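Here the structure comes first, spelled out in structure tokens, and everything after it is commentary.
Given the structure is predicted, the values throughout are model-derived calculations rather than measurements.
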2 protein chains.
Amino acid sequence: MSDLREKIIKSSLQLFSDKGFHGVTVNDIVNHCDTSKGGFYHHFKSKDELLYVIHDTFISYVLNEANQAKKCYDRPIFQLHEMLKALVRVYDLYNEHIVVFNQENKYLKENYEILIQKKRDNYKEILQEVIKQGQELGEIRNELPTTITNMAILGMVNWTYQWYKKDGPKTIDEIASTYIDIIFSGLLTTEALEEYRASKLSMTDI
Amino acid sequence: MSDLREKIIKSSLQLFSDKGFHGVTVNDIVNHCDTSKGGFYHHFKSKDELLYVIHDTFISYVLNEANQAKKCYDRPIFQLHEMLKALVRVYDLYNEHIVVFNQENKYLKENYEILIQKKRDNYKEILQEVIKQGQELGEIRNELPTTITNMAILGMVNWTYQWYKKDGPKTIDEIASTYIDIIFSGLLTTEALEEYRASKLSMTDI
DNA sequence: TATTACAGACCAACCAGTCGGTCTATAACA
DNA sequence: TGTTATAGACCGACTGGTTGGTCTGTAATA
């Protein structure tokens, strides 16, 4: 991939995550990374395509991580642990992508929106399946409705984009550890919780 | 208050929550509620002011609810219970306000942004104080960092705007009940949790 | 020479906001 | 009661600035 293309993406990420997609003009972007309209439109069909590329980069990465987590562990409880760990850790890699992903998805043009929505749903399904299996195996409390639980977890984690700062007082590992603690204490059956706390994967070792 | 003013707010809520602030023109709004540019600008200084009014209506309401909850109960655990119940229930009253509030706050103009941020922070402080007091009284586990816990709860609840539909398969009370279950199981000390479960305010009675 | 990579002047559409004007209602007055 | 004065509510054509995108030209590269 070209050098300029990456520069444009990097600049736009910085600008979009700060002022929002509509708060940034194409001219703002090309000025910021010291190129021109010509340079921009040589690499991107439109401003909308750029927004799509940002979305896709992020969701594809996360989706891949989720699939890895499912493959590498066999018990739902550990799959969930791994997925959460991965999802929160992404914040140190893709902080700006995430802000744009959560803030500007409404402005994706029809075709692009469908593509992203598909992957988004795919991720949700994976998580949902893990929870359902956890319930079937008696690791996660059956009283909890699966879909609501699913969205509760996603909400807690995704909301991080609203307040997390890389140079802030809380490290991302500390945050991940707290989320996992709350979620596991909140979801697991007493037996599974005891087992989990006794296991190597206890809170201090995320 | 004038009739038209309310009609404009109602229309804009519908349109904004669907297509986003920048996806809706002032002409879209006045066409939707069958008025004119003149009518619009007679009631609002600018499109930005309209956005502010929507934000303020919602946050002021929620802030008031939170203060009520603090006043009406003396123990943190019950204050928290009441705050969560209230916050989730708002979804049936202010669904569209909430979508706009969470999606478009980046586009508030400087002055307005400061006013809203102040109330937003105020709400966070109230919740944070409840959690801290809960920890001091031994009702909430001390291992949990207060601020992260605070944001975890807010995230779980606020994320509801991303998926809740009034005519969907889940009622708002069911959702509130599940959130409270997860959060209380996740946060409370074993003693407090037992006490809570034994009390009238058990899950089935939210 | 042909192709790719970029520059930057330019254009057409769009959109928030304006402004002169109308219509209705109520108050003041004769 | 009939007439006029005044204010507020609302209308809609118009404008001026902005912005995404195009197009022609040029430099580098192969």
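Taking the six-membered ring where tryptophan is involved, the planes of B:Phe184 and B:Tyr196 are tilted, since the angle between them lies from 30° to 60°. The aromatic rings of B:Tyr94 and B:Tyr61 are tilted relative to each other, their planes meeting at an angle between 30° and 60°.
Using a 4.0 Å cutoff to heavy atoms of chain A, the contacted part of DNA chain C runs 5' to 3' from C:dA5 to C:dA9.
A salt bridge is defined here as a Lys NZ or Arg NE, NH1 or NH2 lying under 4.0 Å from an Asp or Glu carboxylate O, and B:Arg89 with B:Asp173 meets this definition.
By the salt bridge (Lys or Arg N to Asp or Glu O under 4.0 Å) test, B:Glu65 pairs with no residue at all, sequence neighbours left out.
Pairs of residues two or more places apart, or lying in two chains, that qualify as side-chain hydrogen bond (donor to acceptor under 3.5 Å, both in side chains) and include a residue from residues 112-121 of chain B are B:Asp56-B:Lys119, B:Ser60-B:Lys119, B:Gln117-B:Asp121.
The interatomic distance linking A:His42 (NE2) with D:dT22 (P) rounds to 15 Å, in whole Å.
Taking every heavy atom of residues 102-112 of chain A and every atom of DNA chain D, no pair lies under 4.0 Å. Contacts of residues 16-31 of chain B with DNA chain C (heavy atom under 4.0 Å): B:Val24, B:Thr25, B:Val26.
A donor-acceptor pair shorter than 3.5 Å can be found between the side chains of B:Asp92 and B:Tyr164.
A:Tyr91 does not carry A:Lys165 over the face of its six-membered ring by the limits of under 6.0 Å from the centre and within 45° of the normal.
Residue A:Ser46 places none of its side-chain N or O atoms closer than 4.0 Å to OP1 or OP2 of D:dG20.
When atom types are taken as modelled, the side chain of B:Asn150 and the backbone of B:Thr146 share no donor-acceptor pair closer than 3.5 angstrom.
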Nucleotide-resolved protein contact map, nucleotides 23-30 of chain D, B/S/- at heavy-atom distance under 4.0 Å: --------

